**Q** 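Got a structure for you, questions after.
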Amino acid sequence: MAYTFSIIGCQHPHMNIFINEMLDLGHTCAGIYDSEPQYLANSVARQFNVPMFEDKEQMLSPGVDIVGCGGVYSEKIDVIELCEQHGKHVMVDKPAVTNKADLVRLENVIARGKIQVGMLLTERFRPAIATLKEQIRKGRLGELVSLSFRKPHRLKPATRPDWFFTYHHSGGIAVDLLVHDFDLLRWLADAEVKDVHGYMTKSMLPQYPEFYDAISVQVGMDNYVTASLYADWHYPESSWTWGDCRIYATGTKGTAELRLEGDPLIDSASELFLSVGNGKPYTREEPLLPTLPISEDFINRIEGHSSVLTHDDILAATRASLVTDANVAKIDRTPNLPLER
């Protein structure tokens with residue numbers, strides 16, 4: 001079935017993923033609305049040759065079936081509730097909410113069951129990660145012992161809107177970045193988060209006192225798998241990629257390393273899957289292809305079919321990131337630094 005979708009809020013390039021996938025699947029974009037279209041939305045509209053609108057209500061017209069939302073993080077829950085009122089399914093960029101009170105609002109929307117809510121937790125759908133999931137499931141690494149995610153990010157602060165650096169609007173680094181990792185951690189370990197401890201540090205941009213730029217946490221799962229999650233906003237602008245993201249998995253019979261952005265030193269820009277095991281040499285494996293894009297997985301859920309990503313997954317990853325934000329210790333190293341211009 002072909003659907004018509006619209007976009008309410010386009011403040012992050014992640015919305016391009018949803019738009020591009022939906023168009024590739026044969027669906028139609030009715031248009032884009034953003035309260036500040038000059039920041040990003042206008043260029044996205046030109047890129048995909050879709051109209052811009054000045055009235056948000058036009059994005060909720062009877063002909064629209066699905067709404068995509070990549071607006072200010074703290075305002076997404078308002079759009080989700082608005083879509084529920086109009087009977088529109090909604091796909092949001094991460095994070096869906098930035099605080100516990102809004103998580104309750106999201107839980108209530110999902111519990112009422114009037115619409116399907118999706119979130120662009122795209123990592124499950126990457127070939128190398130899908131391959132790792134399959135190897136863990138088949139016991140290729142033995143019994144899973146630990147997982148480690150290292151996700152440095154490139155910030156480029158001059159390209160980001162002011163709201164991004166405020167805690168109220170963005171939710172902070174744990175909510176913004178670790179939500180991906182908690183989703184993967186639950187999926188790969190096939191377990192729930194039991195406890196989280198760690199640190200959040202601030203080492204730059206003293207003019208934004210609420211913006212912390214690195215986080216490191218230790219996680220215990222309820223099946224005794226342990227995990228280390230690290231993310232930061234310090235990756236150099238001169239790098240070949242937006243972030244050299246890697247995943248390490250350790251089992252009783254072998255280990256795997258995923259270099260998700262490739263490695264320029266071996267002339268590879270594609271995902272790398274490296275493994276070694278008992279009686280098995282160090283090997284570069286070919287990642288499996290994912291079965292479908294995340295937008296198609298969401299369509300399947302709308303149509304009542306099984307899906308890789310569920311409401312429960314979205315809520316659990318969101319809840320874990322919010323708990324982490326509340327539990328970690330904060331270290332501010334900037335009081336004696338000059339303001340950076």
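Both backbone and side-chain heavy atoms feed into the values below; hydrogens, waters and symmetry mates do not. Since this is a predicted model, take the numbers as computed values, not measurements.
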**Q** Using 30° and 60° as the class boundaries, would you call the ring planes of H153 and W242 parallel, tilted or perpendicular?
**A**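 Rings of H153 and W242: tilted, as their planes differ by 30° to 60°.
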**Q** Applying a strict under-4.5 Å side-chain criterion to I, L, V, M, F, W and Y, I'd like to know whether L292 and F298 cluster together.
**A** yes
**Q** Taking the side chain from T241 and the backbone from D244, do they hold a donor-acceptor pair closer than 3.5 Å?
**A** no
**Q** Going by distance alone, is a donor N or O of one side chain under 3.5 Å from an acceptor N or O of the other, for D312 and T310?
**A**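 No pair is found: no donor N or O on one side chain lies under 3.5 Å from an acceptor on the other.
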**Q** Do we see a donor-acceptor contact under 3.5 Å between the side chains of N99 and D102?
**A**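 Present: a donor and an acceptor within the cut-off.
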**Q** Between Y167 and D325, does any side-chain donor sit less than 3.5 Å from a side-chain acceptor?
**A** yes
**Q** Side chain to side chain donor-acceptor pair (under 3.5 Å) for Q218 and S228? Distances and angles first, verdict last.
**A** CA-CA 5 Å; Q218 296 298 122; S228 174; 3.2 Å; yes
**Q** Look at E285 together with K280 and state whether they make a salt bridge at an N to O cut-off of under 4.0 Å.
**A**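 Answer for the salt bridge query: yes.
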**Q** Please assess F149 against L188 for the test side chain to side chain contact (heavy atoms under 4.5 Å, CB included), listing each intermediate value before the final yes or no.
**A** CA-CA 12 Å; F149 302 156; L188 294 173; 4.1 Å; yes
**Q** Any salt bridge linking K88 with D65? Criterion: basic side-chain nitrogen under 4.0 Å from a carboxylate oxygen.
**A**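 No salt bridge links K88 with D65.
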**Q** Treating D297 as the side-chain partner and L309 as the backbone partner, does any N or O pair qualify as donor plus acceptor under 3.5 Å?
**A**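 Confirmed, D297 side chain pairs with L309 backbone.
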**Q** So, taking the atom named CD in E123 and the one named NZ in K94, what distance separates them when rounded to the nearest 0.5 Å?
**A** 10.0 Å
**Q** I'd like to know if D213 and R333 make a salt bridge, using a cut-off of under 4.0 Å between side-chain N and carboxylate O.
**A**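 Salt bridge between D213 and R333, a charged N being under 4.0 Å from a carboxylate O: no.
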**Q** Tell me, which pairs form a ring-ring contact (aromatic ring centres under 6.0 Å, His included) where one or both residues lie in residues 12-33, sequence neighbours left out?
**A**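 Every ring-ring contact (aromatic ring centres under 6.0 Å, His included) pair that includes a residue of residues 12-33, provided the two are not neighbours, is Y3-H27, F5-F18, H12-H14.
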**Q** With respect to L144, which candidate in T252, V225, T226 satisfies the side chain to side chain contact (heavy atoms under 4.5 Å, CB included) definition?
**A**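 Passing option: V225.
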**Q** Is W240 isolated, or which residues cluster with it under the ILVMFWY side-chain rule of less than 4.5 Å, directly or via members?
**A**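 W240 clusters with Y235.
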**Q** Could you tell me which residues satisfy salt bridge (charged side-chain N to carboxylate O under 4.0 Å, His left out) with R160, sequence neighbours excluded, listed by chain and number?
**A** none
**Q** Using 30° and 60° as the class boundaries, would you call the ring planes of Y208 and F165 parallel, tilted or perpendicular?
**A**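 Rings of Y208 and F165: parallel, under 30°.
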**Q** With a cut-off of 6.0 Å (strictly less than), are more than 12 heavy atoms of other residues, nucleotides or ligands near CG of N108?
**A**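 Yes - once you tally the heavy atoms of other residues, nucleotides and ligands closer than 6.0 Å, there are more than 12.
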**Q** Restricting to salt bridge (charged side-chain N to carboxylate O under 4.0 Å, His left out), what partner residues turn up for D232, sequence neighbours left out?
**A** none
**Q** May I ask you to list the residues sharing a hydrophobic cluster with I331, side-chain cutoff 4.5 Å, ordered by chain and number?
**A**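 Its cluster mates, by chain and number, are Y199.
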**Q** With a 3.5 Å distance limit and no angle check, can you tell me whether K76 reaches the backbone of G70 through a side-chain donor-acceptor pair?
**A** no
**Q** For A41, enumerate each residue passing the side chain to side chain contact (heavy atoms under 4.5 Å, CB included) test, keeping only those at least two apart in sequence or located in another chain.
**A**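 Here the qualifying residues are C10, I32, D34, P37, M52.
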**Q** Can you check whether E237's main-chain N or O pairs, donor with acceptor, with R154's side chain at less than 3.5 Å?
**A**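 Side chain of R154 to backbone of E237, a donor-acceptor pair under 3.5 Å: yes, one is there.
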**Q** Can a salt bridge be assigned to the pair E210 and K202 using a cut-off of 4.0 Å between side-chain N and carboxylate O?
**A** no
